[in-house]
Amino acid sequence: MNQSQVELDADLRRSLAAAGIEHVKIGVFDGDGILRGKYLSRDKFLSALDKDLGFCDVILGWDSNDQLYDNTKFTGWHTAYPDATVRVLPATRRDIPFEPKTALFLGEFTGRAEAVCARGTLRRVLQRAASMGYAVSAAAEFEFFLFEETPQSVREKGYRQLKTMTPGAFGYSVLRSSVHSDLYHELLDLGQTMRFPIEGLHTETGPGVLEAALTYCEALEAADRAALFKTFAKVLAQRHGLMATFMAKWSNSVPGQSGHLHISLRGADGKSIFHDAAKPFEMSDAMRWFVGGQQALMPEFLAMVACTVNSYSRLVPGYWAPTSATWGIENRTTALRVIRGGPSSQRVEYRIAAADINPHIALAAAIGSGLWGIEHRIEPDAAIEGNAYDREHPPQRRLPATLYEAAERLAASKPARALFGDDFVEHHAATRQWEEREFRKAITDWELARYFEII
């Protein structure tokens, strides 16, 4: 350990004592972007700064419903679920306003588990960017629905006839946001306190739906902020007797919920890599190749972005979600939207992403594919003008129609293995195949309504 690290640890010890912190909540993100963690005494936490922590590696061996995977190599009954080491990340400290004398810290899997760790995978992609001379900035924006329900009531109702916080479709409503201003301001204040600042918050089109845009920053921090926002928006809602959902699409009667990602690159001099005033659309060669890589690899990497069975219910024409790997200038019907922001904010919006993303894995896919495009100078198709839904697109731009198909494409992808490593690709693909296998065990309402009497 170098001297600066020793001094950093000493400063942290002093600051926790000075703030009266008695317990620490330590959390790690699993493969679905869910924050898993536990409380530690301050002394136990401080001892982990020197020797790391142990978490049972089942966190990487089960799904969002705590069901054990039966098809992964990394862990399972065959390994007996040993501990995985977790590196504490002191710079991720957050204070939780409704938990006095408690601080939140994030951890990251290390050792053997690092190869399949979502946060570690993004960090490695960003190291690749740094080796190319690029610093990556990013931001997420999420749509989420609020319900006058509890975890108990939704189960008692079988997730039917749920009551949204507000009725009807009323996008950008000053009336709705003013009536519920206490909740809005508490969410805004929570973002400031917990360092996931929200730069925009408004109602969207649909009953009880809000959209929050997070402030852009360095990409690894942006992923942390996005994942923490999803967690603590749900926490705040439940503390108010409400529930928030970040499903890609919770009802056939309303549009899906987006989780768009905004990405830009800067050089060592701090100047935009994406902007060139002399080029068409002010897109530099690097930006054009970046978009080309994203477009070319989107069908192969989709399982890293559209990561649930429900994700594919959103990817249908006419519902503000893309259906093919397309791009355009300021075009909200395409999968990639180039935003002409000039030298300060020229960027690409990765619109294929829904609110159900694992932010670390989705950003790894979006950034990694773009870097691959720069490295291989991949030219994108001509920009789409007008409605992309009305166009016929080349077969190679077709997106997988199911999670299982997407997982198979990912497992077979040589660029994915080169960018993210064999261990991550095989593990993530297997977990997504498991997810669809679990879905196939279910009898849906649609099947009952269609076949129960008639067939």
Side-chain angles (χ1 to χ4, degrees), residues 21 23-40 45 48 52-67 75 83-99 102-110 113-114 116-123 138 140 142 144 151 187 190-191 193-198 212 214 217 219-239 243-248 257 259 261 304 307-308 353-364 427-428 431 435:
I21 298 298
H23 294 90
V24 165
K25 185 179 286 186
I26 180 75
V28 290
F29 296 109
D30 69 11
D32 289 291
I34 299 166
L35 186 60
R36 308 276 188 169
K38 55 188 174 182
Y39 287 99
L40 297 175
F45 169 76
D52 294 334
L53 284 169
F55 270 76
C56 178
D57 75 1
V58 74
I59 291 174
L60 298 170
W62 62 19
D63 63 17
S64 60
N65 204 37
D66 289 8
Q67 299 299 306
T75 192
D83 273 359
T85 54
V86 170
R87 176 172 51 241
V88 176
L89 305 170
T92 65
R93 175 185 170 179
R94 265 88 172 169
D95 294 324
I96 308 172
F98 38 79
E99 292 196 49
T102 304
L104 171 69
F105 287 83
L106 298 179
E108 184 179 295
F109 288 103
T110 187
E114 189 170 352
V116 299
C117 172
R119 194 178 191 277
T121 298
L122 174 58
R123 180 171 44 75
F142 290 110
F144 58 103
L187 181 57
L190 183 65
T193 301
M194 295 194 67
R195 208 168 74 244
F196 48 81
I198 300 167
L214 306 184
C217 59
L220 189 58
E221 170 72 6
D224 288 347
R225 290 181 180 186
L228 287 169
F229 170 79
K230 289 179 65 175
T231 299
F232 282 92
K234 287 184 275 192
V235 169
L236 182 64
Q238 291 192 31
R239 290 175 65 87
M243 284 193 74
T245 183
F246 287 82
M247 286 181 67
Q257 298 168 229
L261 302 171
M304 296 176 65
C307 55
T308 72
D356 62 353
I357 55 169
N358 178 328
H360 294 90
I361 294 179
L363 273 171
H427 183 76
H428 187 72
T431 67
E435 189 76 8

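Quick note: residue numbers are just sequence positions, from 1.
Between E108 atom CD and L89 atom CG the span is 5.5 Å, to the nearest 0.5 Å. Atoms CD and SG, on E435 and C307 in that order, are 8.5 Å from each other to the nearest 0.5 Å. Here R239 contributes atom CZ and L190 contributes atom CG; the two are 9.5 Å apart, rounded to the nearest 0.5 Å. L220 contributes atom CG, which lies 10.0 Å from atom OG1 of T92 (distance to the nearest 0.5 angstrom). Atom OG1 of residue T102 and atom CG of residue L40 lie 11.0 Å apart, to the nearest 0.5 angstrom. With rounding to the nearest 0.5 Å, the separation of CZ in F246 from CD in Q257 is 8.0 Å.
Applying the side chain to side chain donor-acceptor pair (under 3.5 Å) criterion to H427, with sequence neighbours excluded, gives no partner residue. Listed by chain and number, the residues in a side-chain contact (heavy atoms from CB on, under 4.5 Å) with D95 are R93, A103 (sequence neighbours excluded). Looking at residues two or more places apart in sequence or on another chain, you find no ring-ring contact (aromatic ring centres under 6.0 Å, His included) involving F55. In this structure T431 satisfies the side chain to side chain donor-acceptor pair (under 3.5 Å) test with no other residue, sequence neighbours excluded. Annotation: side chain to side chain donor-acceptor pair (under 3.5 Å) contacts of T308 (sequence neighbours excluded): S311, D356.
Closest heavy-atom contact between I26 and G107: CD1-N, 4.0 Å. Between S64 and D32 the shortest heavy-atom distance is N-OD2, 3.6 Å. Minimum interatomic distance between D30 and I59 (heavy atoms only, all atoms of both residues): CB-O, 3.5 Å. Among all heavy-atom pairs drawn from A223 and P359, the shortest one is O-CB, 3.8 Å. Between A237 and A244 the shortest heavy-atom distance is CB-N, 4.0 Å. For L363 against A138, the heavy-atom pair with the smallest separation is CD2-CB, 4.0 Å.
Each of I34, D224, N358 was evaluated against F29; a single residue qualifies, D224, per the side chain to side chain contact (heavy atoms under 4.5 Å, CB included) test.
Checked for salt-bridge contact, R94 and E221 meet the test: a charged N lies under 4.0 Å from a carboxylate O. Electrostatic pairing of R87 and D52 does not count as a salt bridge here, judged by no charged N lying under 4.0 Å from a carboxylate O. Between R123 and E114 a salt bridge is recorded (basic side-chain N to carboxylate O distance below 4.0 Å).
With a 4.5 Å cut-off on side-chain heavy atoms, V58 and D66 do not count as touching. Under the 4.5 Å side-chain criterion, counting only non-hydrogen atoms from C-beta, H360 is not in contact with C117. Within the 4.5 Å cutoff, no side-chain heavy atoms of R119 are placed close to those of I361. In this structure the side chain of L214 reaches within 4.5 angstrom of the side chain of I198, judged on heavy atoms. Taking 4.5 Å as the limit, some side-chain heavy atom of R195 sits within range of a side-chain heavy atom of R225.
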_side-chain contact (heavy atoms from CB on, under 4.5 Å) between T193 and I96, worked out_ = CA-CA 7 Å; T193 301; I96 308 172; over 6 Å; no
_Could you walk me through whether F109 and V28 satisfy the side-chain contact (heavy atoms from CB on, under 4.5 Å) test, starting with their C-alpha distance in whole Å, then the side-chain angles of each, then the deciding distance to 0.1 Å, before giving a yes or no?_
CA-CA 8 Å; F109 288 103; V28 290; 3.9 Å; yes
*Kindly indicate, with the supporting measurements, whether the criterion side-chain contact (heavy atoms from CB on, under 4.5 Å) is fulfilled by K25 and K38.*
CA-CA 6 Å; K25 185 179 286 186; K38 55 188 174 182; over 6 Å; no
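Donor-acceptor pairing under 3.5 Å is recorded for the side chains of D57 and T75.
Between the side chain of D63 and the backbone N or O of N65, at least one donor-acceptor pair lies under 3.5 Å.
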What donor-acceptor contacts under 3.5 angstrom involve side-chain atoms of residues 229-236, with partners at least two apart or in another chain?
residue : atom : partner : partner atom : Å
K230    : NZ   : A355    : O            : 2.8
K230    : NZ   : I357    : O            : 2.9
T231    : OG1  : A227    : O            : 3.1

